[in-house]
Amino acid sequence: MDLRIFFQHVANALSLGSLYALIAIGYSMVYGILRLINFAHGDIFMLGAYLAFYLVSSSLMPWWVAFIVAIALTCAFGIGLERVAYRPLRNSPKISIMISAIGASFLIENLAIVLFDARPKAFKVPDLFSSIVKFGKVQIVSVSFYIPVITFIVLGILLFIVNRTKTGMAMRAVSTDQDAAKLMAIDVNRTVSITFGIGSALAALGGIMWSLKYPQLLPLMGIMPGLKCFIAAVIGGIGSIGGAVLGGFLLGIIEIMTVAFLPDLTGYRDAFAFILLIIVLLVKPTGLLGKNQGEKV
Amino acid sequence: MSFFPLNKKNRRLLNAAGILLLVVLLTGANAFLDPFSMQIFKLCAINIILALSLNLLNGFTGLFSLGHAGFMSIGAFSCALLTMTADQKQMNFFLKPIEPFLAHITIPFLPALIIAGLIAAFFGFLIGAPVLRLRDDYLAIATLGFSEIIRVVFTNLQTITNGSLGLKGLPRFTTMWWAWGTAAFTVVFIVALIKSSYGRAFKAIRDNEIAAEAMGINVFNMKLLSFVLSAFFAGVGGALLAHHLTTIDPKQFMFLKTFDILLIVVLGGIGSISGSIISAIVVTILMEALRFLDGPLNFIVFQTTGVPGIRMVVFSILLMAVILFRQQGLMGRRELSWELFADIGLLPRRFGRRKGE
Amino acid sequence: MKRIGSLVAATVAAVVLASCGGGAAKSNTVKIGVFEPLTGANGAGGADEAEGVKLANALYPTVTVGGKTYNIELVVADNKSDKVEAANAATMLAQQAKVNAVVGSWGSSLSMSGGPIFAEAKIPAVGASCTNPNVTKGNEYYFRVCFLDPFQGQVMATYAFKNVGAKKAAIVREVSNDYSVGLAKFFVDSFVKLTGDPNAIVAQADYNTGDQDFNAQLTNIMKAKPDVIFAPGNFTESALLIKQARQLGIKTPFLGGDTWDEQAFLDVGGKEVEGATFSTFFANDVPINGTSAVFLKEFRAKYNKEPAAVAALGFDAYLVILDSIKRANSVDPVKIRDEIAKTTNFEGAAGSITIDADRNAEKDAVIKIVKDGKFQYLTTVRP
């Protein structure tokens, strides 16, 4: 294929990858702390997008304030969800908490269908994000630039929090050994809540960014991105923030490039993500940047 | 009055009486149920098979697998393609003709059902071998991934599964006798399996995998066996479903279908066979009975106009309520047994445990 | 034990309550089932269609047969966009509510799920918008008031060839949607025949329902430089598809099918879908006939919004059943079915309806284009 087409594909891949990366970070953080696949992460992503939509449509505030408020509200929701659905089961067998996550996911989706209506809603994209930028013959919509920039800023902030602050240290401690952390006078409940809050805020941010690029809201919009971003997090090494970003980009690139070089297989695009996951799980289950966690007897 | 202790011989008698009672009930149902109730009744049986196969894996072996819908799909399509006549195939495959080697295969229902189950079991083997090395949550996502891969592949294989168009006009082989007969067989098989040394191995793996390995159980082989058996019955259930609905397409086997079955298993009690059976029946009936929730409701004091979707919200809340407040579901790990019936007085007084037994 | 008891009690109560809802038909009521997806993936289309049926019922709530006036009651059964539920819903309508006729469903695969059940119960079903040929094939009791996909594919292929002057086309299919796959094939067959060039289709791309990123597929198509792109997918994905195409700098005209005829297509597509052209059943701005004018006026008054094309079809399905009852002079489902089969030149809101021997309708197709952010009627195509 000619160079222009190739570069267009690369631009698409990076743009998609950074979006996956942003959402994967949230998944990774929560798993690192709680060893829980938060199936509801994709639905929190959806909630963030819808809240932003309603706030923007209400015209009560400028769009950037609406985004911040939406993220804050979703953050609160995420903390609430943890309190109600996951905390009571912290000492129960693994399978119970996983079922609770699935149940929560289901509940949020069905509530969304009832409250928001199953018909798609058009997200009003501010002009800042929808202008077209040209690089020679390659065209990209401007939001595709903002997303990687925001992803890396968020990554920087998070790495700072996790590695340089007390809260971050508490998070790492709880993630390594919950019981030992309690003995060190770390408030586990508070740490978990903070982690969930950050994770949910990231999911909401991801939801808003997603809607800026794909301005169509549906109650079930979180299922596929949620699943794919979980795959991205696992590929990169779940529990590792850097791994999540790496995984996200990798997934985006592989998805786009496979379609680019094998156009007959476009219908199988979703399957690539899962095949990649299976391969990674079989060859290096802890992921590319993950640490080997031995199982205590 | 002589006392009937619940020893082996008498239990066999009770079991035989139970089976006789079941046959009488089924004959009665066949004669008296109206077509709508019969539809639900057959679906109950199919859900029993699906719930039991999932429970075998999740409840008894402790493997949290989310790939059930994929195996159902394999079983459904296999059986459909095997039993459809060449004419039916031609009518269905109007976009692209079916693969030549499939066009002229038409075999009767029973062999097709068994073969469909075996094909599903075979894929269970292929998928299980690599995937069962993984731990709980990774296993869940990997099996979910495979279920989705199967769905995407079936959607694209226009010449084998007819892609998204699906198959219609399947012969309605699933009569009440087939559905309940297979369900009864499944129950007997699973009960026998759990009581055998294999079942004990499964439970040991569930309780503590490392200890089980230390006790000399070949953990991987047992896990694989459980996975393959679960896939077999899921395939059979899928095939029965296909011939009950007479039309199938890849989209109906999305992972949401696995969640439906998971709901049944959780409500009934993960690790209880009787729990799964009761739950399958109750949930199938409730799904229909609660249909009125989606329409206008009259609470005498106030009325609401129909809000479609409330029914699913209620089920989601139910699942969460069970998992938060009564984790063990209906039966926990207990089973209905003759002892239980005797203890609570459902059997005539002369049956039961002697004092001090 | 107590909990089992309460669970059993709750179940019994629920079943009793539910069966109270059904009950035997009152002797002066005719029941028409509304078999639609009101929730789930296809909830939007089903809800739109149901609105048309409800409007018709509000306007024409009674029918007089043999001197006796019957009330027409709608029995709504949500098939939840799911095949198993569709079978249950159909059985509920046929066996419990014992309806005299059925309208529905949006979504051919759902109609096919209910089809055998209606046929067994000998109740006629009239599909409003399902276009897959398999719905009526081999089922004596299923009819439809809309045209078929083979015709629609041909309409758009002819438009592409004659009006756009295209010699090369690219196809984008929603591969998990049987409607899209079918319509694409019929377009391809027609287009190849018109151009006489077996290689007239220069590129084909697929996507799955729910996908939102089409940049990769579009970039591939860009490479092939087609004169026109035919993308007969659901409006949810198509709006994003066209938007992304324009953002990538693709200026090729886009053609589609009747699924684009929804307000949400315009909302999401914004200015990028300007110029998109598609075939559909109905035009809002140009009333085709008297019934059409009545429908438009009453719909706007009742719901305060523009009707979707499928609403007009739902409206027509109800009217055809009503008319058949009058012609049969009976409320017996089998006699109603026979009269539906004989419907000729019935003036429906979406055009004149004649039911042919295969129980499909010979209908005109309407071609609409997006202009200035609104749907505009372009032309009518006769079969």
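Per chain, numbering begins at 1; letters A, B, ... match sequence-line order.
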(message) Quick check for you: among A:L111, A:V84, A:I102, A:I275, which has the greatest number of heavy-atom pairs under 4.5 Å with chain B?
(response) A:I102
(request) For B:Q252 and B:D249, indicate whether the former's side chain and the latter's backbone hold a donor-acceptor pair under 3.5 Å. (result) yes
(request) Give me the one residue out of B:F123, B:F154, B:F71 that meets ring-ring contact (aromatic ring centres under 6.0 Å, His included) with B:F77. (result) B:F154
(message) How long is the straight-line distance from CZ of B:F259 back to CD of A:E109, given to the nearest 0.5 Å?
(response) 8.0 Å
(message) Quick check on A:F230 against chain B: is it the side chain, the backbone, both or neither that has a heavy atom closer than 4.5 Å?
(response) side chain
(request) Return the orientation label for the A:Y50 and A:F116 ring planes: parallel under 30°, perpendicular over 60°, tilted otherwise. (result) parallel
(message) Please enumerate all residues that pass side chain to side chain donor-acceptor pair (under 3.5 Å) together with A:N189, with sequence neighbours excluded.
(response) A:R90
(message) Is B:L262 in contact with chain A via its backbone, its side chain, both, or neither, using a 4.5 Å heavy-atom distance?
(response) side chain
(request) Measure the spacing between OG of A:S105 and CE of A:M46 and express it to the nearest 0.5 Å. (result) 8.5 Å
(request) Taking heavy atoms only and a threshold strictly under 4.5 Å, list by residue number the residues of residues 51-63 of chain B that touch chain A; give 'none' if the list is empty. (result) B:N58
(request) Please look at B:L319 and chain A and tell me whether the side chain, the backbone, both or neither of the residue comes under 4.5 angstrom of a heavy atom of that chain. (result) side chain
(message) Please identify, among B:V131, B:I150, B:V153, B:L318, the residue contributing the most non-hydrogen atom pairs under 4.5 Å to chain A.
(response) B:V153
(request) Answer with side chain, backbone, both or neither: which region of B:I317 has an atom nearer than 4.5 Å to a non-hydrogen atom of chain A? (result) both
(message) At a 4.5 Å cut-off on heavy atoms, which part of A:I278 comes close to chain B: side chain, backbone, both, or neither?
(response) side chain
(request) Could you check if a side-chain atom of A:E255 sits within less than 4.5 angstrom of a side-chain atom of A:Y20, using non-hydrogen atoms only? (result) yes
(request) Against chain A, label B:V322 side chain, backbone, both or neither, depending on which of its atoms sit under 4.5 Å from a heavy atom there. (result) neither
(message) Checking A:R87 now: which residues fulfil side chain to side chain donor-acceptor pair (under 3.5 Å) with it, not counting sequence neighbours?
(response) A:E82, A:S193
(message) Under 4.5 Å from any heavy atom of chain B, what part of A:I223 do you find: side chain, backbone, both or neither?
(response) side chain
(request) Count the heavy atoms of every other residue, nucleotide or ligand shown that sit under 6.0 Å from CZ of B:F125, and state whether that count exceeds 12. (result) no
(request) Drop me the distance from A:K228's NZ to A:I235's CD1, to the nearest 0.5 angstrom. (result) 11.5 Å
(message) Distance check, rounded to the nearest 0.5 Å: A:Y31 atom OH versus A:S175 atom OG?
(response) 10.5 Å
(message) The criterion is side chain to side chain donor-acceptor pair (under 3.5 Å); which residues satisfy it with B:S274, sequence neighbours excluded?
(response) B:E335
(request) Could you look at A:I97 and say if it's the side chain, the backbone, both or neither that has a heavy atom under 4.5 Å from chain B? (result) neither
(message) With a 4.5 angstrom heavy-atom cut-off, is it the side chain or the backbone of B:L66 that approaches chain A, or both, or neither?
(response) side chain
(message) Heavy-atom pairs under 4.5 Å with chain A - which of B:I323, B:L134, B:L324, B:N156 has more of them than the others?
(response) B:N156
(request) Can you tell which part of B:L263 gets under 4.5 Å to a heavy atom of chain A, answering side chain, backbone, both or neither? (result) neither
